[in-house]
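Here is the structure we will look at.
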Amino acid sequence: MDLVEEAPYRFRIDRHDPMRVPGVVFASRALLPDAAGDQSLEQVANVATLPGIVGASYAMPDVHWGYGFPIGGVAATDLAEDGVVSPGGVGFDISCGVRLLAADLDRAELVGHLDAVMDALSAATPRGVGRGAVWQLADRAELDAVLRGGSRYAVERGHGNARDLDRCEDYGAVDDADPAQVSERAVQRGQQQVGSLGSGNHFLEVQAVEEVYDAQVAAAFGLRPGQVCVMIHCGSRGLGHQICTDHVRAMEQVMPRYGIEVPDRQLACAPVSSPQGRAYLGAMAAAANYARANRQVLAEAARRVFATRTGRSLDLVYDVSHNLAKIEQHRVDGATRRLCVHRKGATRALPPGHSDLPDDLRPVGQPVLIPGSMGTGSYVLTGVPGAPAFASTCHGAGRVQSRRQATKAVRGHDPRREIEARDIAVRGASRRGLAEEMPAAYKDVAAVVEAAEGAGLCRRVARLVPIGVVKG
DNA sequence: ATGTTC
């Protein structure tokens, strides 16, 4: 793959047939994927062949190999040019994302309570593959209410407060969810998982604000040095996974009908305006709302723990997804166009002044939440004006080892002890689960964030360090 | 990521 370094932290893959647009990779040279074990740059080029794609096929600094599209990829298609939507451009974990809560508590005040808080969070957070959830939905009708209403419905049912919704992307729910496009099997998988963490890289962490880069913006976000926070990273569980599976299959079957050819069958797609495109977007929106409700009720469970064990509250800083496609308006070549923006392992990063931000955040921009690898720290960023890639930035550290490689790499090591040796309390997680998530399996999140900022995608606001982690 | 291979 030929890369042209066209600016600091910016490489170009020149357009060649059948690409419709170039590829653009935002990264330092050191962060570029290793071609030997990772074909994500070929995937960037493959995505550039999609009908209706505009600008470029973009990759964030944490890019790595994924299903069809790279994880860390951003691609926008023009609705007026028969642009397509592709489930592979969203990923299996639809609306997987991050929620950050800030405690009215300083790190020093938590010291004596940490074990009790961690034990209580562990008990209050259903996790791992399979069942167990905070919220027992009454019936299918209530699941449909979750699919339509997301965090708004959760709050309506007592899981949180009205102010929470101002601090959620889309005020807690996306429009146009269509539960009728969610298969019976997806419904069955989703019925008993609202309020569950899942496994893999999903976690609930107690963290502390270690460093503030912009005091004014941090204060507007509700963050101060030394403050205790809770970060939750999870998604739409089996429901989102099943929806992705179902709609990839449906699109594979109809692509010839639309005359669409793609270089990888995992790029299955259909025009946004087609019945299959609309069906996917309706089901995807339902899964997005499910994921938001999931994070809302997990956060509420964490709040109850903090109230009981410390007497302190947890205020929502923000909740944002990093696996989603959205219909958005952007300026392209001097004209405003309606685009289907796919962000897969990429986070929306609205700049200051954006009309979709609530009043108190509009002057400073959207909080962007970046979880690091386990035990290494996380970042809070904000959007910047005039950024490339349709107001998007990175989503995390990004894998450099496959799960299999990571499992092999810990032979002869004790992963739990190595995390605890960093003064981080660990609750839950199998040996293999920890092995797959060890820092060595990931890029350095600090380098990823430096590259994202250097490329003009976002700006650093604060860095958080882990105190305790609850894992599946 | 995932009732970790319909």
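In what follows, chains are A, B, ... by sequence order, proteins preceding strands, each numbered from 1.
If you take CD1 of A/I71 and P of B/dT2, they are 13 Å apart, rounded to a whole angstrom. If you take CD of A/Q242 and P of B/dC6, they are 10 Å apart, rounded to a whole angstrom. In this entry the distance linking NE2 of A/H202 with C1' of B/dT4 reads 14 Å, nearest Å. In this entry the distance linking CZ of A/R432 with P of B/dT4 reads 11 Å, nearest Å. What separates CG of A/D246 from C1' of B/dT2 is a distance of 13 Å, to the nearest Å. Rounded to an integer number of Å, the gap from CD of A/Q193 to P of B/dT4 is 12 Å. Atoms CZ (A/R403) and C1' (B/dT2) sit 10 Å apart, rounded to a whole Å. Atom-to-atom, CZ of A/R249 to C1' of B/dT5 comes out at 13 Å; the value is rounded to the nearest Å.
For A/E437 and A/R399, the salt-bridge test passes: some basic side-chain N is under 4.0 Å from an acidic carboxylate O.
Comparing atom distances between the A/R185 side chain and each of B/dC6, B/dT2, B/dT4 picks out B/dC6 as nearest.
Distances shown here put a side-chain N or O of A/R237 below 4.0 Å from the OP1 or OP2 atom of B/dT2. Here A/S199 does not reach the OP1 or OP2 of B/dT4: none of its side-chain N or O atoms lies under 4.0 Å away.
Note on A/Q191: nothing from the nucleic acid sits closer than 4.0 angstrom, heavy atoms only. Within 4.0 Å (heavy atoms only), A/G238 reaches sugar-phosphate atoms of the nucleic acid but no base atom.
Legend: residues meeting ring pair (Phe, Tyr, Trp, His ring centres under 6.0 Å) with A/H247, ordered by chain and number and at least two apart, are A/Y280.
Using a 30° and 60° split on the angle between ring planes, A/Y153 and A/W135 fall in the parallel class, below 30°.
A/H233 has its ring centre no less than 6.0 Å from the ring centre of A/H395.
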